[in-house]
Structure formats: structure tokens, C-alpha cells
Undergrad: 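The following block contains the structure, expressed as C-alpha cells.
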Amino acid sequence: MSAETQVVVIGAGSAGLSAHKELARLGISSTVIEASHRIGGRAYSEELTPGVWFDLGCAWLTDGDANPFAAIADRLGIALGRATWEAYNNPDHHRFIRNGVRLGKEEHAACRRYYDDSYAAVADAAENGSDPSMGDVIDLESPCAPPFLESIATGWGVDVDGVSCADNTSSVGELGYPVPHGYGNLVAAWGADVPVTLNARAERIDWSGPGVVVETPKGAIKADLALVTVSTGILASGEIDFAPLLPDWKLQAVLGLPMGTENKMGLAFDRDVFGPEGRGHHTVWSDDSPSAKVDVNGMGFNSVSVFTGGRYAIWLEKQGPQACHDFAVDRVAEIFGNDIRRHVVRSITTAWSSEPWTRGSWACALPGQAHQREHLARSIDDRLFFAGEATMVGGQGTCDGAYRSGVRAAQEIAANLKPR
Ligand SMILES: Cc1cc2nc3c(=O)[nH]c(=O)nc-3n(C[C@H](O)[C@H](O)[C@H](O)COP(=O)(O)OP(=O)(O)OC[C@H]3O[C@@H](n4cnc5c(N)ncnc54)[C@H](O)[C@@H]3O)c2cc1C
């Protein structure tokens with residue numbers, strides 16, 4: 001491959017694909033290169049059992065119909081789980097299971113109050129501008145702290161002491177709709193008309209001359225400018241050799257937004273072991289075993305997704321897929337009893353912190369570093385542009401946020417591109 005184009009887009013996830021489409025709409029040519037063998041990046045579905053889809057990455061269309069992928073799904077004839085909104089998005093339907101027993105009404109209400117108070121304390125801290133960690137401002141002694149800590153570890157992929165109050169506050173949004181056929185499949189169907197060169201990792205981006213030259217194992221591409229959509233995990237790893245090096249302010253932005261890890265374990269059962277009341281969100285914790293978040297039957301199948309986040313998720317991932325499987329089965333048994341064990345037919349487990357093309361699940365701002373998202377989004381010398389979920393304030397860590405960042409970057413490029 002040796003090519004010349006106006007823009008070379010690096011990465012064919014949601015951001016890279018939307019950028020290509022927006023550039024094409026604006027009459028600008030672009031070449032999209034992708035390191036892996038498929039498009040979609042962190043949007044990726046696999047079949048758990050025939051007809052039962054499991055999303056290894058994004059699964060929920062945050063903010064429902066306000067999400068651009070809702071209209072895309074409607075246009076493509078892909079069904080969304082709009083009817084499940086109430087079961088998953090209403091906080092009162094969130095079940096808390098401590099030591100194998102569901103919390104009663106009063107304890108449940110106390111935990112909900114603790115969540116509200118904690119988020120209010122975090123929002124106050126964000127507003128007063130000091131941007132401490134969430135762990136600095138919440139009551140860690142409360143008996144309701146364990147499920148909250150779990151929700152932050154899975155929500156951010158980082159334990160509370162590493163999460164910026166300002167970043168958390170700027171990201172608030174609704175869970176939205178699930179995609180029974182897979183969010184990854186939806187993104188792949190929408191992106192199928194984008195010409196992407198696969199297995200073409202950007203190894204070096206030379207921006208020392210008037211344009212850019214991007215070297216890949218399939219050859220070099222010359223372009224007026226490059227749009228980089230890879231994760232901060234990839235940028236921090238030094239895998240892409242920028243020549244000259246990225247300026248210090250950009251490196252500070254990358255380092256202020258390290259990748260968190262949320263892992264998911266999908267379990268399929270040979271029958272409905274949950275019962276009519278079982279569907280929905282559960283958080284399980286106990287005195288002698290680790291905690292987890294469990295989504296039961298989210299897509300309307302006899303399956304669950306079990307989530308871990310933060311340091312524990314990274315540790316468990318290193319123990320291998322069997323340990324992850326066992327962990328997930330144990331957590332589901334804590335809710336529904338040991339009998340469920342003999343009905344498990346298959347599992348899929350993720351390992352995002354060691355995933356070579358992202359090195360984590362999404363970027364989470366360190367305390368005091370929430371402002372770095374804006375710096376990460378800023379272009380350099382009108383030649384290197386940046387998009388991807390990490391560049392968003394509001395919508396960070398989401399697939400639709402990544403989509404919007406690609407559109408934003410394409411429009412910036414259009415405004416900056418000099419006539420040839
Ligand atoms: C476990 C998990 C659960 C999630 N749940 C949700 C959810 O429910 N809802 C939601 O909205 N979001 C969710 N997300 C987040 C969402 O998936 C991501 O924010 C979004 O998909 C990121 O898109 P992106 O384009 O920014 O990055 P990516 O999808 O990572 O795309 C970047 C692309 O660049 C490629 N690449 C890397 N290095 C190179 C290189 N050197 N050269 C060329 N290409 C390269 C990668 O292979 C990748 O395809 C979840 C993510 C995870 C991991």
C-alpha cells in the first residue's frame with residue numbers, strides 16, 4: 001500500500017468511522033487504517049450461544065433516543081431494547097445483595113440515600129474547583145459504601161481514589177437502551193460502507209515536513225494531515241512513534257487520562273434460572289468474597305453479564321479465563337442459589353487491560369486532571385488532529401461520545417484544511 005490522500009484516519013472504532021463519514025460529507029478524501037483485523041474497536045459483539053449476543057465492549061445506548069446510534073439502528077432495522085428501560089434505568093429497581101441476602105426496603109432506601117449523598121458531595125467538590133478524588137469526599141465508613149465503590153470501579157474502571165470528581169460530574173448520563181443483537185454488530189453494520197485498510201497499524205507518524213507520512217506494515221501513506229483516534233492507552237504506550245515527539249502539553253494530557261479497566265463475563269444458561277422477578281441490575285458483596293455488578297437477562301435472553309472494575313478486575317484478568325468464569329458463576333449463585341451452577345452452558349470473558357489495541361476499557365481522568373480532555377482534543381500545528389472517547393467532556397467513555405468526537409474533529413479539519 002502506498003497512497004496519497006487529504007486525511008489519514010488512524011483507527012476504525014466509532015470515532016474513526018464517524019470522522020470518515022463526516023469528512024466524505026464535507027467533500028474531503030480520507031484513508032482509514034486499522035491495526036486489528038476488524039472495524040468497531042471497543043464496540044464488538046460475539047455470539048454466546050446461537051442467537052444470543054454478548055457485547056465485549058459497549059452494550060448500552062446511553063441517553064436512549066438522544067444517542068445518534070438510536071436513529072442509525074432504526075434506519076438499519078436493528079431492534080433496540082426500548083421496553084427494558086424501566087427495569088434497568090430506574091434506580092429503585094437496582095437490587096443490593098449482601099452476604100447472599102437481598103437488602104430489605106429500609107436498608108435499600110438507606111443505600112439509595114448514600115448514593116445520592118455521595119454524588120452530591122462529588123458534585124460540590126467539582127463545583128468548588130479543587131477536583132479531588134471521589135474517595136476524598138465520600139463517606140468510606142458507611143455500611144452502604146461497598147456497593148457504591150463497586151459501581152464506581154465498574155463505571156470508571158478505576159477505584160474511587162483514582163477518579164476525579166470533576167470528570168465524574170461532567171459525565172453524567174442515563175444508561176439508555178440495550179441492543180439485543182449486539183451494539184458491536186450495530187456499529188459494524190453502520191461502518192460497513194467505510195473503506196478501511198485492516199491489519200495496518202500506524203507505526204510511525206512523521207509530521208516534520210509540510211504534511212504527514214504515516215508508516216504501516218502495508219506501506220506509507222502521505223496526507224495533508226492525520227486524525228488520531230486511538231485510545232490514551234495506545235498513546236501512552238509509545239507504540240506509535242511520532243516524529244517529532246508530541247509536545248509536552250499533549251503528553252501531559254495523555255498521562256492525565258490513563259485507561260481504566262472494566263471486565264465483563266457473559267454467562268449463558270440452558271433455561272430461565274432467574275424467575276420473573278430476577279431481571280435487572282444487582283450489586284453483590286459479602287464479608288468473605290469480592291463484589292460485582294450483575295446484569296440479569298438484559299437483552300431478554302437466559303444470560304447475565306457480570307462486571308468487575310479497577311484493580312480487582314486487572315488482578316482477576318491475570319488469573320485467566322477459567323478464574324473469571326468461576327468468579328462470575330459464584331456471584332450469580334450468591335443471588336439465585338447454587339442450583340444455577342448446573343445450568344451454565346457457556347461463558348465469554350474479557351481482558352481489556354491486556355487488549356493490545358486499546359490497553360484498557362476507557363480513559364478516566366486522574367484527580368485534578370479533568371481539564372486534560374480538552375487538551376487531548378486540541379490539534380497540533382493544524383496537522384495532527386485527535387478524536388476518540390477520551391477527548392470528550394460529557395460523553396467520555398461512551399460509543400456515542402466517540403462518534404460525536406469523530407464528527408467534531410472532521411469539522412475542525414474542514415475548517416483548517418488549506419486548499420491544495
Ligand atoms: C467493557 C466495556 C464496556 C463498555 N460499555 C459501554 C456502554 O455500555 N455504552 C457505551 O456507550 N460505551 C461503552 N463502552 C465504551 C465504548 O465502547 C468506547 O468508548 C468506544 O467504543 C470507543 O471508541 P473509539 O473510536 O474512541 O476507540 P476504539 O473503539 O478503541 O477505536 C480505536 C481503534 O484504533 C485501533 N488502533 C489502535 N492502535 C492503532 C494503530 N497504531 N494504528 C491503527 N489503528 C490502531 C484499535 O484497534 C481500534 O479499532 C464500553 C467499553 C468497554 C471496554
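One-based numbering, in listed order, for ligands and for the atoms of each.
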Undergrad: Please work out whether any backbone atom (N, CA, C, O) or any side-chain heavy atom from C-beta onward of Trp60 is under 4.0 Å from ligand 1, and answer side chain, backbone, both or neither.
TA: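 Answer for Trp60: both.
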
Undergrad: Taking the ring of Tyr403 and the ring of Trp190, is the distance between their centroids below 6.0 Å?
TA: yes

Undergrad: For ligand 1, is any non-hydrogen atom under 4.0 Å from Cys399's backbone (N, CA, C, O), its side chain (CB onward), both, or neither?
TA: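 For Cys399, backbone and side-chain atoms both sit under 4.0 Å from ligand 1.
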
Undergrad: Please determine if Thr62 has a nitrogen or oxygen closer than 3.5 Å to a nitrogen or oxygen of ligand 1.
TA: no

Undergrad: Answer yes or no for Lys250 and Phe386: cation-pi contact, defined as NZ/CZ to six-membered ring centre under 6.0 Å and angle to ring axis within 45°.
TA: yes

Undergrad: Passes ring pair (Phe, Tyr, Trp, His ring centres under 6.0 Å), Phe336 versus His282? Steps please.
TA: CA-CA 11 Å; Phe336 296 103; His282 302 69; 5.7 Å; yes

Undergrad: Work out which heavy atom in Ala70 is nearest to a heavy atom in Leu61; give both atom names and the distance.
TA: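 Closest approach of Ala70 to Leu61: N-CD2, 3.4 Å.
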
Undergrad: Tell me the protein heavy atom at minimum distance from atom 23 (O) of ligand 1, and give that distance in Å.
TA: Ala402 CB, 3.4 Å

Undergrad: In terms of the angle between their ring planes, are Trp315 and Tyr312 parallel, tilted or perpendicular, with boundaries placed at 30° and 60°?
TA: tilted

Undergrad: Heavy-atom distances under 4.0 Å decide this one: backbone, side chain, both or neither, for Glu239 against ligand 1?
TA: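 Neither part.
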
Undergrad: Out of curiosity, Leu267 CG to Ser305 OG, how far, rounded to the nearest 0.5 Å?
TA: 8.5 Å

Undergrad: On the ring face of Phe307, is Lys293 found with NZ or CZ under 6.0 Å from the centre and within 45° of the axis?
TA: yes

Undergrad: Answer yes when Asp55 and Arg42 have at least one side-chain N-carboxylate O distance shorter than 4.0 Å, and no when they do not.
TA: no

Undergrad: Give yes or no for whether the N/O distance cutoff of 3.5 Å, strictly under, is met between Ala35 and ligand 1.
TA: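 The answer is yes, given that Ala35 and ligand 1 share an N or O pair closer than 3.5 Å.
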
Undergrad: At a 4.0 Å cut-off, with the gap strictly under it, does some heavy atom of Gly157 reach an atom of ligand 1?
TA: no

Undergrad: Nearest non-hydrogen atom to atom 13 (C) of ligand 1 belongs to which of Pro178, Ser305, Cys58?
TA: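 Result: the heavy atom closest to atom 13 (C) of ligand 1 is in Cys58.
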
Undergrad: Considering distance alone, does some N or O of Thr398 sit under 3.5 Å from an N or O of ligand 1?
TA: yes

Undergrad: N/O to N/O below 3.5 Å, does that happen between Ile234 and ligand 1?
TA: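 No: no nitrogen or oxygen of Ile234 is under 3.5 Å from one in ligand 1.
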
Undergrad: Closer than 4.0 angstrom: is that true for some heavy atom of Thr350 and an atom of ligand 1?
TA: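 Thr350 does not count as a contact of ligand 1 under the 4.0 Å cut-off.
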
Undergrad: Please determine if Arg359 and Glu239 form a salt bridge, counting it only when a charged side-chain N lies under 4.0 Å from a carboxylate O.
TA: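 Salt bridge between Arg359 and Glu239, a charged N being under 4.0 Å from a carboxylate O: yes.
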
Undergrad: Looking only at protein heavy atoms, which one is nearest to atom 31 (O) of ligand 1, and how far off is it?
TA: Gly13 CA, 3.4 Å

Undergrad: So for ligand 1, is Trp362 a polar contact partner (N or O within less than 3.5 Å, distance only)?
TA: no

Undergrad: Can Arg102 be said to sit on top of Phe96's aromatic six-ring, NZ or CZ under 6.0 Å from centre and within 45° of the ring axis?
TA: no

Undergrad: Please work out whether any backbone atom (N, CA, C, O) or any side-chain heavy atom from C-beta onward of Leu56 is under 4.0 Å from ligand 1, and answer side chain, backbone, both or neither.
TA: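 The answer is the backbone.
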
Undergrad: So how far is it from Asn168 CG to Ile152 CD1, rounded to the nearest 0.5 Å?
TA: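 Output value for this atom pair is 5.5 Å.
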
Undergrad: Would you kindly check if the NZ (Lys) or CZ (Arg) of Arg331 is within the cone defined by 45 degrees around the ring axis of Trp285 and under 6.0 Å from the six-membered ring centre?
TA: no

Undergrad: Report yes if Ala15 has an N/O atom closer than 3.5 Å to an N/O atom of ligand 1; otherwise report no.
TA: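 Right, the criterion is met.
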
Undergrad: I need the contact type for Trp352 against ligand 1. Using non-hydrogen atoms and a strict under-4.0 Å cut-off, is it side chain, backbone, both or neither?
TA: side chain

Undergrad: Looking only at distances, can you tell me whether any N or O atom of Ala59, backbone or side chain, sits closer than 3.5 Å to an N or O atom of ligand 1?
TA: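 Indeed, backbone or side chain, Ala59 has an N or O that close.
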
Undergrad: For atom 21 (O) of ligand 1, what's the nearest protein heavy-atom neighbour? Residue, atom name and distance, please.
TA: Arg42 CB, 3.6 Å

Undergrad: Decide whether the shortest distance between a heavy atom of Ser14 and an atom of ligand 1 is less than 4.0 Å.
TA: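 Flag set, Ser14 near ligand 1.
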
Undergrad: With a 4.0 Å heavy-atom cut-off (strictly under), which part of Thr358 contacts ligand 1: side chain, backbone, both or neither?
TA: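 Answer for Thr358: side chain.
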
Undergrad: Would you say Ser170 and Gln396 are linked by a side-chain donor-acceptor pair, where the criterion is simply a distance under 3.5 Å?
TA: yes

Undergrad: Within the structure, does Ser36 bring an N/O atom to less than 3.5 angstrom of an N/O atom in ligand 1?
TA: no

